[in-house]
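Throughout, protein chains are lettered first and strands after them, A, B, ... in sequence-line order, and every chain is numbered starting at 1. Computed from heavy atoms alone, side chains included, the values below leave out hydrogens, waters and symmetry copies.
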Protein chains: 2
Amino acid sequence: MNRPYSKALKCLQDFGLRPTRQRLALAKILFDGDDRHVTAEVLHNEVNGTGAKVSLATIYNTLHQFTEAGLLKEVILDSNRTYFDTNISDHHHIFFKEDEILADLTSEDLVISSLPEVPEGKKISAVNVVIHMENS
Amino acid sequence: MNRPYSKALKCLQDFGLRPTRQRLALAKILFDGDDRHVTAEVLHNEVNGTGAKVSLATIYNTLHQFTEAGLLKEVILDSNRTYFDTNISDHHHIFFKEDEILADLTSEDLVISSLPEVPEGKKISAVNVVIHMENS
DNA sequence: ATAGCTGCAAATGCTTTGCAAGGCC
DNA sequence: GGCCTTGCAAAGCATTTGCAGCTAT
């Protein structure tokens with residue numbers, strides 16, 4: 001492929017985000033391949049390993065901008081880490097404790113057959129499900 | 001009732017925790033009534049409002065001791081707050097965003113009819129479900 | 001007496017922010 | 001040029017920890 005940034009570039013342009021060097025580097029890692037589940041720290045190490053220098057503060061800012069733009073979803077796992085998921089469809093997660101790996105569940109893997117009644121004047125804004133696995 | 005600490009005292013004794021003034025005050029608030037969902041901060045304000053003085057560090061330590069003893073369950077909601085739940089049965093939660101209220105769901109409110117296959121050598125250690133409600 | 005508990009204050013770890021310098025259009 | 005973006009360092013916040021003094025048994 002001779003246009004290695006095309007996908008990343010398009011993402012940014014589509015959402016009115018100025019394609020700076022830092023945003024391109026991050027978008028390339030996040031969107032030019034399979035779905036990813038990253039923490040700010042992992043992404044920081046990864047992007048700086050490629051030679052591009054992006055500060056941690058900018059990683060955080062950019063992850064939140066991408067999330068606001070609808071390019072990412074935040075996943076709450078535990079109180080120490082925020083994961084960002086490039087799969088923005090409605091889906092659930094499985095977390096492997098020892099490996100610290102977060103993965104998607106398909107709609108076949110987990111089925112919720114009944115949800116609580118929604119009170120007047122309220123709406124469901126999210127249904128967060130995380131299955132925690134550990135070594136037996 | 002002329003033995004206002006009986007229930008709290010029993011909890012502590014049953015789990016081999018020395019019934020100190022601080023632990024009794026916290027156990028009384030947590031276990032002498034309906035199920036509660038508290039954060040360390042809320043519990044701190046509440047217990048100090050009763051006249052008992054308990055430091056925030058001790059609140060945290062005690063909440064974790066109670067959790068390890070099986071008297072409480074930790075509930076992960078978002079990355080800013082850890083809630084502790086006195087309902088230790090297997091159940092799910094609903095969170096009302098504007099009111100910052102966390103409540104239990106019964107097994108009728110939410111039904112999970114299928115779980116993912118468990119890989120060899122692994123086991124499910126938790127199934128965390130939180131329905132987020134907001135004003136519509 | 002002594003092992004365990006508490007409180008304070010300092011440390012930690014992740015995340016956010018203020019602001020001056022730099023980059024994109 | 002002008003506005004947006006970045007990077008650094010400092011601040012923030014919830015939580016944890018070290019340690020000296022206290023307390024239940």
* **Donor-acceptor contact below 3.5 Å, side chain B/His64 vs main chain B/Tyr60** => yes

* **Check: B/Thr106 main-chain N/O paired with B/Asp109 side-chain donor or acceptor under 3.5 Å** => yes

* DNA chain D contacts made by residues 43-59 of chain A, counting heavy atoms under 4.0 Å -> A/Lys53, A/Val54, A/Ser55, A/Ala57, A/Thr58

How close or far is atom [atom2] of [N] from atom [atom1] of [X], stated in whole angstroms?
| X | N | atom1 | atom2 | value |
| --- | --- | --- | --- | --- |
| B/Arg21 | D/dT25 | CZ | P | 14 Å |
| B/Arg23 | D/dT25 | CZ | P | 11 Å |
| A/Leu26 | D/dT6 | CG | C1' | 12 Å |
| B/Asn61 | D/dC19 | CG | P | 15 Å |
| B/Ile76 | D/dA14 | CD1 | P | 15 Å |

* Asked: Rounded to the nearest 0.5 Å, how far does CZ of B/Arg21 lie from OG1 of B/Thr58?
  -> 9.5 Å

* To do: Please list, in 5' to 3' order, the outermost nucleotides of DNA chain C lying under 4.0 Å from any heavy atom of chain A.
  => C/dC14 to C/dC25

* Structure fact -> Against the side chain of B/Glu41, the closest entry in D/dG7, D/dT15, D/dA14 is D/dA14

* For B/Arg23, which residues count as a salt bridge (charged side-chain N to carboxylate O under 4.0 Å, His left out) partner, sequence neighbours excluded? -> none

* Start at the 5' end of DNA chain D and walk down; is the nucleotide closest to B/Ala40 or to B/Arg18 reached first? -> B/Ala40

